[in-house]
Amino acid sequence: QVQPVESGGGLVQPGGSLTLSCTASERTFRSLATGWLRQAPGKESDFVAYIDGNGGYTAYADAVRDRFTISRDSAKNTVYLQMNTLKPEDTAVYYCAAAIGGSWYGDVNEFIYWGQGTQVTVSS
């Protein structure tokens with residue numbers, strides 16, 4: 001069992017930046033495929049970004065590509081989401097989720113370990 005814990009959310013103005021962190025106390029987390037997903041009010045959750053267990057492969061949703069960067073620090077057992085040039089439409093609860101293995105094959109249902117989420121609000 002792995003329990004991810006997110007942090008770093010908050011209120012930011014359009015065009016600003018935030019970095020979200022996701023960590024877990026379980027050592028296995030450092031080798032699990034991990035994704036960030038988000039859910040805006042009244043909408044279903046959407047995939048944002050993914051990094052494999054080795055940290056060598058990443059993927060992004062079209063809406064955030066070139067603005068967001070996912071990375072991981074295995075020594076700190078932490079996955080990050082650097083968010084730049086934030087837009088009001090990025091407002092959502094952001095969730096960190098981990099799969100059971102080191103790779104993800106594109107199905108959100110593969111993410112079985114979810115954090116509680118952190119609120120990101122982009123507003124002037």
Side-chain angles (χ1 to χ4, degrees):
Q1 189 75 12
V2 174
Q3 182 58 61
V5 178
E6 305 96 336
S7 62
L11 173 65
V12 63
Q13 292 186 343
S17 298
L18 276 177
T19 299
L20 305 182
S21 300
C22 174
T23 191
S25 59
E26 299 82 3
R27 288 177 57 89
T28 53
F29 178 71
R30 66 187 61 190
S31 62
L32 298 181
T34 304
W36 287 95
L37 301 95
R38 66 187 181 186
Q39 186 169 23
K43 296 185 178 180
E44 296 185 354
S45 60
D46 290 328
F47 165 75
V48 175
Y50 151 73
I51 188 166
D52 72 355
N54 293 323
Y57 181 82
T58 59
Y60 298 91
D62 289 342
V64 306
R65 188 173 291 114
D66 299 328
R67 298 189 298 123
F68 290 11
T69 302
I70 190 171
S71 63
R72 73 189 312 151
D73 184 334
S74 295
K76 295 183 178 180
N77 215 25
T78 300
V79 172
Y80 303 97
L81 184 68
Q82 172 69 43
M83 306 185 294
N84 298 325
T85 319
L86 283 161
K87 304 176 181 179
E89 51 263 43
D90 294 318
T91 295
V93 177
Y94 283 70
Y95 296 92
C96 172
I100 199 169
S103 299
W104 177 59
Y105 300 97
D107 185 345
V108 173
N109 292 321
E110 294 174 54
F111 292 124
I112 62 171
Y113 304 117
W114 288 72
Q116 294 300 306
T118 186
Q119 176 71 46
V120 172
T121 302
V122 184
S123 175
S124 56

**Shortest non-hydrogen separation from G9 to T118 and the atoms involved** = N-OG1, 3.2 Å

**Pairwise distance CG(L81) to OG1(T69) - rounded to 0.5 angstrom** = 8.0 Å

**Asked** Does a sphere of radius 6.0 Å around CD in Q3 hold more than 12 heavy atoms from other residues, nucleotides or ligands, not counting ones at 6.0 Å or beyond?
**Response** yes

**Asked** Residues two or more places apart in sequence or in another chain: which of them pass side-chain contact (heavy atoms from CB on, under 4.5 Å) with S21?
**Response** S7, T78, Y80

**With sequence neighbours excluded, residues passing side chain to side chain donor-acceptor pair (under 3.5 Å) with T58** = none

**Request:** Could you work out the complete set of other residues in the hydrophobic cluster of L11, with links drawn between I, L, V, M, F, W and Y side chains under 4.5 Å apart?
**Result:** none

**Item:** Pairs involving residues 26-82, ordered by first then second residue, that meet disulfide (SG to SG under 2.5 Å) (sequence neighbours left out)
**Value:** none

**Prompt:** In the hydrophobic clustering that connects Ile, Leu, Val, Met, Phe, Trp and Tyr at side-chain heavy-atom distances below 4.5 Å, which members other than V5 occupy its cluster, ordered by chain and number?
**Reply:** none

**Request:** Kindly write out the residues that satisfy side-chain contact (heavy atoms from CB on, under 4.5 Å) with A63, not counting sequence neighbours, or none if the list is empty.
**Result:** R38

**Contacts of type ring pair (Phe, Tyr, Trp, His ring centres under 6.0 Å), residue F47, not counting sequence neighbours** = W104

**Prompt:** What are the two closest non-hydrogen atoms of P4 and V2, and how far apart are they?
**Reply:** CD-O, 3.5 Å

**Prompt:** With a cut-off of 6.0 Å (strictly less than), are more than 12 heavy atoms of other residues, nucleotides or ligands near CD of E44?
**Reply:** no

**Partner set under side chain to side chain donor-acceptor pair (under 3.5 Å) for N84, not counting sequence neighbours** = S17, Q82

**Spacing of CG belonging to L18 relative to CZ belonging to F68, to within rounding of 0.5 Å** = 9.0 Å

**Item:** Within one Ile-Leu-Val-Met-Phe-Trp-Tyr cluster: Y60 and W36, side-chain cutoff 4.5 Å
**Value:** yes

Atom pairs and distances, side-chain donor-acceptor, residues 105-113, under 3.5 Å, sequence neighbours left out:
from, atom 1, to, atom 2, distance (Å)
D107, OD1, N109, N, 2.9
D107, OD1, N109, ND2, 3.4
E110, OE1, Y105, N, 2.9
E110, OE2, Y105, N, 3.2
E110, OE2, G106, N, 3.4
E110, OE2, D107, N, 3.0

**Asked** Does the side chain of V12 reach to within under 4.5 Å of the side chain of T121, using non-hydrogen atoms?
**Response** no

**Fill in**
Here the pair of heavy atoms bringing K76 nearest to T23 is O-OG1, 3.8 Å

**Request:** Go through the steps to decide whether L20 and E6 satisfy the test side-chain contact (heavy atoms from CB on, under 4.5 Å), and finish with yes or no.
**Result:** CA-CA 7 Å; L20 305 182; E6 305 96 336; over 6 Å; no

**Message:** Filter on salt bridge (charged side-chain N to carboxylate O under 4.0 Å, His left out), then keep only pairs touching residues 49-71, sequence neighbours left out; what's left?
**Reply:** D62-R65, R67-D90

**Message:** For residues 61-124, which residue pairs pass the disulfide (SG to SG under 2.5 Å) check, not counting sequence neighbours?
**Reply:** C22-C96

**Message:** Filter on salt bridge (charged side-chain N to carboxylate O under 4.0 Å, His left out), then keep only pairs touching residues 22-37, sequence neighbours left out; what's left?
**Reply:** none

